[in-house]
Each structure stands twice: as structure tokens, then as C-alpha cells.
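Data first, discussion second: the structure below is written as C-alpha cells.
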Number of protein chains: 2
Amino acid sequence: MTNDERLRFVPAQAYASVEDMRAAEIEDEIHALTTAMRVIAQAIDTRSKAVSRVSGLTIPQIVVMQAVATRGEVTTSLLSRHCHLSAGTVVSILDKLEERGFVERYRNAADRRIVHTRLTASGESALADAPTLLPPVALDGLARLSSGERRAIVSSFEAVAGLLRADGGVPG
Amino acid sequence: MTNDERLRFVPAQAYASVEDMRAAEIEDEIHALTTAMRVIAQAIDTRSKAVSRVSGLTIPQIVVMQAVATRGEVTTSLLSRHCHLSAGTVVSILDKLEERGFVERYRNAADRRIVHTRLTASGESALADAPTLLPPVALDGLARLSSGERRAIVSSFEAVAGLLRADGGVPG
DNA sequence: CTGTAAACATTCGTGCTCGAACGATCTTCG
DNA sequence: CGAAGATCGTTCGAGCACGAATGTTTACAG
């Protein structure tokens, strides 16, 4: 369903130069990369809905709770950096979690701008019962790969993340 | 800001068996992978806002318009499969594009359930003026890599996409 | 024919996500 | 002390995204 536009089959002589050929190849790879990104993003959304149906928690909610659990009493801005979400997004997720009694928020006595968040007992048990972020099928598949393949995947994702993180939001 | 939890430094003797050590290593890799996914997802959202500020089109809107452009007169369901978006999402994007006069929709005469979409003239020019989906910094960085590194990245993303696509939505 | 099933697009409800704008609080400097 | 500026969290508006439910249309069975 998606690989029909890769069947262009253009002979090398059609390119004016080796540079053009290389540019076209890179363009194809960029297209394949962005397509794969879309598939992954869609799969994560689907997984989030499935997780929510059985556990009552969405993936972003679990991510935030995990960060709260490992860091103890965190500020909102630290949570924002650690989860790679904007401050506004974190607040809206914390609102829902607090409403259900999974976390508590309270202001710092010394600096009353700062808000700390900690897990409640019911939050801890809900987090302990939460399913994995990636679907089991994918975890199995990853575990079945060779160590080298897994490392290549991880470093590829980190490389792309590094390239994208290095963007100031200036378009072209 | 993100690599502080990788400094655990547990000696090999702490593991009960080689299997445990391997499992812990895989777990670390899974964590690194999901973190990178979050960074990428966040960067894509940021890029979408930046693109929208200068072009008036968001990334999903551009993706849909590109699919319409390359496929000619597409049905909604074909668009949904080609862009890896649910049908409902495609409809909401098409609503906005039609409202601005970038696309036209009309029902098939033979089968009146089917709705076709085609680009208008202003849609074509808007699409031609649209910036790249990935930020220029990232495109430069990718182009600067060796051919082998780029291929490794593309195949890594496609491998993960394949693993995630193979999920029926059943949680664990 | 007629009623049932399937396919297609749409609407609806909920949640995530961002940036911009805002108010509250603290710090710094005159 | 008091004003200017920085920092922190929150609120707001717009858009994306999913699945479920809905309505319309076609296909098929009897």
C-alpha cells in the first residue's frame, strides 16, 4: 500500500550528473524516513488508546507518572524537560492525574512560584499495574534481534533525535 | 539533561545470570528508544507549528495535500491508508483545506458513497510554496552523513515501523 | 423484490500538543 | 524601600489524532 511510489526505475543515465543522482537518492531516503515516522507516530497513538482502555491511563500520563516516580518530588518545568513535553502539556496532564488522585501538587514554601508533584499511594499502584509503553509484539521483535541490530536501531533513533533537537524553529 | 539516568554503573557480578544482564541491557535500549521517539514526536510538532506560522499550512495538511497531488482524484479511505491517518482525521483535515479553498470534494456519480478529492489551483500553488517537512538543519545533517549511515537510519526506522505496525491493539 | 449485510464518509467525544499571553512571585539594582 | 526584570506555573485557542457510533448507499441473499 505504501511502496508503489518507489518503483520509479529511472536508469542512471537519466541524471545529468552523479550529484543529481545522489540528491535524488537522498530525497527518496528522506521520504522513506518521514513515512516511517508517520507510521510510528500513528502506532504510538493506537497503542495509547489500547493502553487507556485496559488501564485507564494513556501513554503520556504513564510517562509523566514514571518521571514523577523516579525523580521523587519534581517541579513542573523539570517534568517538562524530562518528558520532552511543553509546560502547558504537562500541566494539562497533571490536572487529569490530580483529579483522579494519582498525584498531589503543592507549592514550595521557600519559593512560592514553584510547584512540586508527588505520587500518591493509589498513583503508585496504578503505575505498577500499567502495561508497557510499546506493544508486547514490538518488544518481542526487538528482543529477538541481534545485539548489533538493536544497537544500530537505538543509535539511529538517537541520531535523528539529535538532528531534530538542533532546530530553533526557523523554517525554510 | 537526558542522559543522567544512564549512569547507573552496575557491575556484571550484580546480575544473577547472563540472561538477566542481557534483559537489563535490552530494557535500557528500549528506554533509550522510547525516549528518542518522544523527542522526535515533539520536534515534529514544533516543526509543524513553525511551518504553519510562515506558510499557513500544518504538516498533516501538507502531507494530505501532497498525497492528493500525487494520486490525482483520491477517495477518503485511500488517503487515509496512504497518509497513515484514521479516516476521521483525514476528514477533519479535508474540512479545513476545503474551507480555505485548497481542495474540492465531490461524490462519485456511479457509487454515491465515495467522495473524491482534488487540488484546486490555489491549493497547488500553496503546496508549491510550502516548506520542507523536516527542518533544514536536519536535512543538512542527514545529507552530510555517509551513504551507509543514512541507509542504516532508514532501515532502522522501517524496521521499527514494521514491528509497531504488526500490533492488533491488544495490550499486555 | 425485499431485507440484510457490507462499504464509505462523516460526526462526536476525549485527549494530546504546542506557543502565546497572563498573573503571581522572586531577584536585582538603584 | 521600590521599581524593573526574570522565572514559574497556568490558562487559552487552534489543531491533530483516535475509536465508536451514525447515516447513506450499494451489494447480495432469498
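Treat the numbers as computed from the prediction; the structure is a model and nothing was measured.
Taking atom CD1 of B:I59 as the reference point, atom C1' of D:dG15 lies 13 Å away to the nearest angstrom. Note: CG (A:D45) to P (D:dG19) measures 9 Å, nearest angstrom. A straight line from CG of A:L85 to P of D:dT10 spans 15 Å, rounded to a whole angstrom. With rounding to whole Å, A:E99 atom CD is found 14 Å from D:dT10 atom P. Here C:dG15 presents its C1' atom at 14 Å from CD1 of A:I62, a figure rounded to the nearest Å. Separating the NE2 atom of B:H84 from the C1' atom of D:dC18 is a distance of 16 Å, rounded to the nearest angstrom. Between the OH atom of A:Y106 and the C1' atom of D:dT10 there is a distance of 19 Å, rounded to whole Å. Rounding to whole angstrom units, CZ of residue A:R107 and P of D:dT7 are separated by 18 Å.
Comparing D:dC18, C:dT10, D:dG9 by their closest approach to the side chain of A:S77 singles out D:dG9. Side-chain proximity of A:D111 to D:dG9, C:dT25, C:dT10: nearest is C:dT25. Side-chain proximity of A:V115 to D:dT10, C:dT10, D:dG15: nearest is D:dT10. Of the listed nucleotides (C:dT17, D:dT10, D:dT11), C:dT17 has the atom at the smallest distance from the side chain of A:P60. Side chain of B:R113, nearest nucleotide from D:dT24, D:dA14, C:dC16: D:dT24. For B:T58, taking side-chain heavy atoms from C-beta onward, the closest of the listed nucleotides C:dA20, C:dT17, D:dC16 is D:dC16. Nearest nucleotide to the side chain of B:I114, out of D:dG19, D:dT26, C:dC8: C:dC8. Of all nucleotides listed (C:dG15, D:dC18, D:dA17), D:dC18 comes nearest to the side chain of A:Q42. Distances were taken from every side-chain heavy atom of A:R112 (C-beta onward) to each of C:dC16, D:dT25, C:dC26; the shortest belongs to C:dC26.
Comparing B:S92 and B:G88 against DNA chain D, the residue whose closest nucleotide sits nearer the 5' end is B:S92. Nearest-nucleotide positions on DNA chain C place B:V91 closer to the 5' end than the other of A:S86 and B:V91. Heavy-atom distances to DNA chain D give each of A:K49 and A:T89 a nearest nucleotide, and the one nearer the 5′ end belongs to A:T89.
Within the nucleic acid shown, B:A43 has no heavy atom closer than 4.0 Å to any nucleic acid atom. Within 4.0 Å of B:T75, counting heavy atoms only, lie sugar-phosphate atoms of the nucleic acid but no base atom.
Counting all heavy atoms, side chain and backbone alike, B:L142 lies closest to B:R150 at O-NH1, 2.9 Å.
Here B:R105 does not reach the OP1 or OP2 of C:dA9: none of its side-chain N or O atoms lies under 4.0 Å away. For the pair B:T76 and C:dT10, the criterion of a side-chain N or O lying under 4.0 Å from OP1 or OP2 is met. Considering only side-chain N and O atoms, B:T46 lies nowhere under 4.0 angstrom from the phosphate OP1 or OP2 of C:dT17.
In this structure, a donor-acceptor pair under 3.5 Å is absent between the side chains of A:S80 and A:S77. Checking B:S155 against B:E158 by side-chain atom types alone, no donor-acceptor pair falls below 3.5 Å. With no hydrogens or angles considered, a side-chain donor-acceptor pair links B:R151 and B:S147 at under 3.5 Å. Side-chain polar atoms of A:S122 and A:S125 form no donor-acceptor pair below 3.5 angstrom.
Salt-bridge annotation for A:D95 and A:R105: present, with a side-chain N of the basic residue lying under 4.0 Å from a carboxylate O of the acidic one.
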